[in-house]
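See structure below.
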Amino acid sequence: MSNIKTTIFGYPRIGPNRELKKALESYWSCKSSKKELLDEGDRLIVEMAKKAIENEIDIVPCNEFSFYDFVLDVSLMVNAIPKRFRKIESTIDTLFAMARGTDNASPSEMTKWFNTNYHYIVPEIEKDTEFSLNENKPLREFALLKDKLKIKTKPVIVGPFTYLKISKVRKEHFENLFESLINVYLQIIKELSNAEAWVIQLDEPWLVMDLENWEAELLIEGYKKIYKNKPNLLIFVQTYYESLSKFEQIIHSLSVDGIGLDFVEGDENFENIKEFGFPNNKILIAGVVSGRDPWKINFTDTLKNLESLTNIVGNRLILSNASPLYHLPITVKSEEGFLPEDILNSLSFADEKIKELTLLKEALITGKISFQQKATAVFPLPDKSLDEIENSIRRRTPEFSVRYELQQKNLNLPLFPTTTIGSFPQTPELRKIRNKYKKGQINSSEYEQYIRKEIEKAVKLQENLGLDVLVHGEFERTDMVEFFAEQLDGFICTKNGWVQSYGSRCVRPPIIYDNIKRKAPITLKETLYAASLTRKPLKGILTGAVTILQWSFPRRDISRKEMVYQIALALREEVLDLEKEGIKIIQIDEPAFREGLPLKSHKHKDYFQWAIGSFHLTTSQVSPTTQIHTHMCYSDFNEIISEIYALDADVISIEASRSKAEILEAFENFKYDLGIGIGVYDIHSPRIPSVEEMTEMIDRAIKLLDKKLIWINPDCGLKTRTYYEIEGALRNMVIAAIRMREKFKN
Ligand code: GLN
Ligand code: ZN
């Protein structure tokens, strides 16, 4: 047993106080130089490695830092740079251009990484893309750490199979591209080996997806080639988020030195390993400590499982986290004095997870737990039975076509109504005022007064621009989930629990620790104030139950279904209150609806049942004249279009601009006859789109959808933009809508 080692991967790269965010934003706004940015990157790389060393991890990873996204890093490394970005001088500026766009080049698409809230930049691979080695980034980090800390780290890179799968490469081109990519990976590996790397980890989370036979065969062939031609270093393949697909075949036939399995979320891995065994020429990297669950592990249970694993694999075992640690905040320590003691004592973030691994190794070697395991707080069970709630779920009546007429009469909207998704710019001044308020430097009435001013400004702007359905601007919300969590019983928010969402953007997922209930109205005050300022319809905006659950850290003792229903019931009270106070349009945002979908298709049915159920629970009691909207963004809709339809929302607004209206393809095969808002421009980019670009998008939509059902809107909320940017963009958007109305007058 004494040979057992520990390793980690996916350590958060944002820095303990979001240093990365600060460095990026300062560089982007020309307040600091390229050299300062690169130096800060190097400093963070060293700090990350130090954390692993301090916590006595045996195999310390490298290449885990990224200035924007690790998938984008691979694209740059293998020279998958779209033509429109080829002329940019430095690698780092090319990287930012691909991620954020430039004045004359729109950025690459961005989407969610598996079933997480981390977003990656989708590689743009054509059938004739020629991969070649650009800059060997892992080599650079490896050398840096060897120089600075005198250690030989384990480079971690997204594996070639997963990289191509997430690039949406067509089946007929996959084989050639895979082969060409493998050659570049071999070159990377050779250079690493020359620099004295002894092990490399290729992350292949795609291997947990339902693999087809041809995919498994290609994968095995590809890795055979890597293995045959590789220099003298170990190759580990890491899988996570679920259990390995085609377990028996892959575990035995994949040519690698070690395979990493997720024993936390991959509930079938354990059974499979018992049934099919584990090859005696491979190392098992046992992922036993979650990278997504913020609670302390149960040492006794984990040790029991580890002991059964050692009975199968003996000493060929490395203990590891189960999924990347960047889904967790860095340390519980920064919450000391802020969170209540009993909760604090039950939590474990990235640093504490690493420590848990070291403790597990110690316990496994000595055969006993030599440390005090603090009791995890015990929370009360829900008071309404699950069956009771489930049986009360109803779809809305009457059906949409009837509701449509009633709502048209009630709202009197033009053809192609224009609206926005909800949030308006959160200016530096607003952030400053909010900070002052949080620190107690201004009182609540001063703060509210400021929010009211912002609402007035936003309403006036929307009226001037000629938008048809207005919003209040969401100025009181730091974050669409955190804001609701702060006001609901059962949630607790952290002070510094930041997790990277994309690029420089971080979120603080709230923690669910108790039964969820609405204490008091959540959105009424601001919504009604905004409504009182205009004669146009004002849309109330709530975050949906699935998204609140998905972007929070859930409790471990009850099911997700149970938690989502509790949230939905709380939101229903809010919806009915808004309606009672005269709000005629209510939007329930569900941007995480697709993300929550389990990776294994056999688990989809159960998910959709409660995800759709929660939406009905929230919305189905309103009057037919009240218009229910929903919003989703950055999702791949094609495969779930019928479930989205089943939500029965009167209007859904979707992203269409960044995926170049690819999303509209979903409607070629599915007759969608509910209202639909086409996201005609990309709000994640600072550029102001032209009227023509937007009319083109609407033109495409008209070919597939009934024009009386089409709405026009940006593809997401405007909070990260400036007023200058949104004024220009929204003005063009309204012109585009007017032109379309002219065109289709009769
Ligand atoms: N209403 C939210 C906003 O406008 C929606 C954000 C989202 O979809 N992520 O910011
Ligand atoms: Zn959105």
Side-chain angles (χ1 to χ4, degrees), residues 109-112 116-119 418-427 430-431 454-455 458 461-462 467 469-485 499 501-503 505-509 522-523 526-527 530 538-552 571 574-575 578 583 585-596 615 618 628-637 644 647 649 651-659 663 676-685 711 713-722 725-726 729-730 733:
E109 188 188 336
M110 177 165 80
T111 198
K112 276 167 189 166
T116 77
N117 188 24
Y118 177 81
H119 300 66
T418 53
T419 189
T420 62
I421 304 305
S423 60
F424 267 62
Q426 300 242 333
T427 58
L430 171 59
R431 287 178 212 278
E454 290 290 286
I455 293 176
L461 175 64
Q462 294 172 82
L467 286 152
V469 170
L470 312 196
V471 296
H472 77 279
E474 301 180 26
F475 303 106
E476 73 288 8
R477 310 181 188 177
T478 42
D479 171 271
M480 63 186 291
V481 168
E482 195 178 58
F483 173 75
F484 284 83
V499 173
S501 170
Y502 66 88
R505 188 153 159 65
C506 302
V507 292
R508 269 183 307 209
I522 304 169
T523 64
E526 290 82 9
T527 311
L538 187 122
K539 175 167 74 167
I541 313 255
L542 309 179
T543 305
V546 175
T547 299
I548 293 183
L549 173 66
Q550 189 67 24
W551 291 352
S552 299
L571 292 174
E574 188 73 13
V575 166
L578 284 168
I583 299 297
I585 305 182
I586 301 169
Q587 174 175 305
I588 317 287
D589 290 330
E590 282 292 16
F593 185 75
R594 169 68 180 77
E595 171 194 317
F615 195 85
T618 306
I628 297 289
H629 288 215
T630 186
H631 164 72
M632 297 182 187
C633 46
Y634 293 123
S635 308
D636 193 355
F637 288 98
I644 290 177
L647 293 176
V651 180
I652 181 176
S653 60
I654 52 163
E655 177 232 350
S657 60
R658 204 157 178 180
S659 61
I663 218 158
I676 183 153
I678 304 298
V680 291
Y681 80 87
D682 174 17
I683 64 90
H684 291 85
S685 166
W711 287 61
N713 47 260
D715 70 350
C716 196
L718 306 169
K719 69 191 270 192
T720 56
R721 299 271 59 93
T722 64
E725 289 157 355
I726 71 156
L730 292 177
M733 187 184 91

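Order of appearance sets the numbers: ligands from 1, and atoms from 1 within every ligand.
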* Do H629 and W711 pass the side-chain contact (heavy atoms from CB on, under 4.5 Å) test, and can you show the C-alpha distance, the side-chain angles, and the key distance before you say yes or no? -> CA-CA 11 Å; H629 288 215; W711 287 61; 3.7 Å; yes
* To do: Apply the test side-chain contact (heavy atoms from CB on, under 4.5 Å) to residues L578 and T523: give CA-CA distance (whole Å), side-chain angles for both, the deciding distance (0.1 Å), then the verdict.
  => CA-CA 8 Å; L578 284 168; T523 64; 3.9 Å; yes
* To do: Quick one: do V499 and Y118 satisfy side-chain contact (heavy atoms from CB on, under 4.5 Å)? Show the steps, please.
  => CA-CA 9 Å; V499 173; Y118 177 81; over 6 Å; no
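Note that the SG atom of C716 and the NE2 atom of H684 stand 5.0 Å from one another [nearest 0.5 Å].
Taking the Zn ion (ligand 2) as the corner point, the angle from H631 atom NE2 to C716 atom SG is about 120° (rounded to 10 degrees).
E725 places none of its side-chain heavy atoms less than 4.5 Å from the side chain of L718.
The only option from I644, V651, I652 that meets the side-chain contact (heavy atoms from CB on, under 4.5 Å) definition with I676 turns out to be I652.
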Note every protein N or O atom lying under 3.5 Å from an N or O atom of ligand 1, pairing the names and giving the distance.
| residue | atom | partner | partner atom | Å |
| --- | --- | --- | --- | --- |
| ligand 1 | 1 (N) | I421 | O | 3.2 |
| ligand 1 | 1 (N) | E474 | OE2 | 2.8 |
| ligand 1 | 1 (N) | D589 | OD2 | 2.6 |
| ligand 1 | 4 (O) | I421 | O | 3.4 |
| ligand 1 | 4 (O) | S423 | N | 2.8 |
| ligand 1 | 4 (O) | S423 | OG | 3.2 |
| ligand 1 | 8 (O) | H631 | NE2 | 3.0 |
| ligand 1 | 10 (O) | S423 | OG | 2.8 |

